[in-house]
Amino acid sequence: MIKKSKRIENLPPYLFARIDQLKEEAIKRGIDIISLGIGDPDQPTPMPVVQKLCEEALNPANHRYSSYEGMLEFRKAVADWYKYRFNVDLDPKKEVLTLIGSKEGLVHIIWGLVDKEDIVLCPDPGYPVYKIATLLAEGIPYPIPLKKENKFLPKWEDIPSDIAKKSKVMFLNYPSNPTGAVIDKHGLEEAVSFARENDIVILYDNAYSEITFDGFVAPSILEIKGAKDIALEFGSLSKTFNMTGWRIGYAVGNSDLISILSTVKTNVDSGVFQAIQYAGIEALYNLRDFPKESSKIYQNRRDMVLDAFKDLGVEILPPKGTFYVWVPVPEGFTSTDFAAFLLEEIGVLVVPGIGYGDYGEGYIRISTTVEENKLKEALRRIKEFFGKGDWKSKKPSLLLK
Ligand code: PLP
């Protein structure tokens, strides 16, 4: 009998893996599913990026191990992007590291910073990986509550001062998965001063920096004075250039933090396929306006969702970024029951808010990474079903635990 480590045994099930399972179960039962679950762009990677990959894949020089920290050309391309986009200066040799997608870096940096029982502040609701990375390193995740009355932004006085003093690391993520909220420079200044006062490292997840709406331009935390002393920012080509399957991202910022992450990575992976890094360089220099076009698509879809719920009398804080809409569930339902209910009654798959932390209860997350006609059909089903009065007496039977 194989025995798992306690570390693995104590992990909550990875939410999206469970959702995939449920989807399969529902399909087997003959339900016609529209998935508004996982956030994975439906649009293709831009063709020049694909072409670059194909060219570089043919070159045998790229078939060998690449360097651990990433090709200098790729790290330079990231530094140039930061100068162009945020007016932030970065030394590509010491302040930029190539990642196999930002998720990889977000997990591995914790191994380099967190010892048993160290406290890590995690946004709640937040991307589940922050908490799981902490648990894998035997640290203690402590929630940063993100509440609607604060526009889903942190109120630093919510963190008890003894906890703040003992915390070693904090994750912060704007534009936010799952709420779609954004933060301005003033909010980031407050975060930096809270972290500096309490000697906390900030891991700033800016994976959605380029997907923003209504004219909002997302800042980098490295624009804030003093941030580079304590912060590492994570970015990704996944959402910016529709490259989720390619696995390429970067960490930028404090050189000691870069060096710590690099030490972990040197011992667990052997770099990103060079052809992918060349394709990434192509994207970072030559497709700089591409995410603006994607944002227009997502803004239009966001508006479709907002309009549909408005017609049902549901008030939603319009997200200013990401491709998620954070929708309150009707009274009398848990987020889990409601998500299960949508799946089995009308075949619409969404993610229950509780999967993003205790403060996520009372919400579901809708992802708009589906083509418009499917989104339209999902919204039509939602409106038709909830437009009728008798749905409240029904109870879901699918278990979404
Ligand atoms: N950060 C956030 C907030 C995310 O939602 C995701 C993916 O959904 C990631 C990071 C990871 O992205 P990737 O590993 O593809 O760069």
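As the structure lists them, so they are numbered: ligands from 1, and atoms in each ligand from 1. Residues: numbered from 1 along the sequence shown. In what follows, every heavy atom counts, from backbone to side chain, and hydrogens, waters and symmetry copies are set aside.
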**Request:** Please lay out, stage by stage, how Asn59 and Tyr278 fare under the test side chain to side chain donor-acceptor pair (under 3.5 Å).
**Result:** CA-CA 12 Å; Asn59 182 354; Tyr278 279 118; over 6 Å; no
**Item:** Check: Pro41 main-chain N/O paired with Asn242 side-chain donor or acceptor under 3.5 Å
**Value:** no
**Asked** Between Tyr356 and Tyr363, is the ring centre distance below 6.0 Å?
**Response** no
Could you check ligand 1 for N or O atoms lying under 3.5 Å from protein N or O atoms and list the pairs with distances?
residue: ligand 1; atom: 1 (N); partner: Asp205; partner atom: OD1; Å: 3.3
residue: ligand 1; atom: 1 (N); partner: Asp205; partner atom: OD2; Å: 2.5
residue: ligand 1; atom: 5 (O); partner: Asn177; partner atom: ND2; Å: 2.8
residue: ligand 1; atom: 5 (O); partner: Tyr208; partner atom: OH; Å: 2.7
residue: ligand 1; atom: 8 (O); partner: Lys239; partner atom: NZ; Å: 2.7
residue: ligand 1; atom: 12 (O); partner: Ser102; partner atom: OG; Å: 3.4
residue: ligand 1; atom: 14 (O); partner: Ser102; partner atom: N; Å: 3.2
residue: ligand 1; atom: 14 (O); partner: Lys103; partner atom: N; Å: 2.9
residue: ligand 1; atom: 14 (O); partner: Arg247; partner atom: NH2; Å: 2.7
residue: ligand 1; atom: 15 (O); partner: Ser238; partner atom: OG; Å: 2.6
residue: ligand 1; atom: 15 (O); partner: Arg247; partner atom: NH1; Å: 2.8
residue: ligand 1; atom: 16 (O); partner: Ser102; partner atom: N; Å: 2.8
residue: ligand 1; atom: 16 (O); partner: Ser102; partner atom: OG; Å: 2.8
residue: ligand 1; atom: 16 (O); partner: Ser236; partner atom: OG; Å: 2.6
residue: ligand 1; atom: 16 (O); partner: Ser238; partner atom: OG; Å: 3.4

Which atom pairs, donor and acceptor, lie under 3.5 Å between side-chain atoms of residues 145-152 and protein residues at least two apart or in another chain?
none

**Message:** For residues 189-200, which residue pairs pass the salt bridge (Lys or Arg N to Asp or Glu O under 4.0 Å) check, not counting sequence neighbours?
**Reply:** Arg196-Asp229
**Complete:** salt bridge (Lys or Arg N to Asp or Glu O under 4.0 Å) pairs touching residues 352-372, sequence neighbours excluded, are Arg301-Glu372
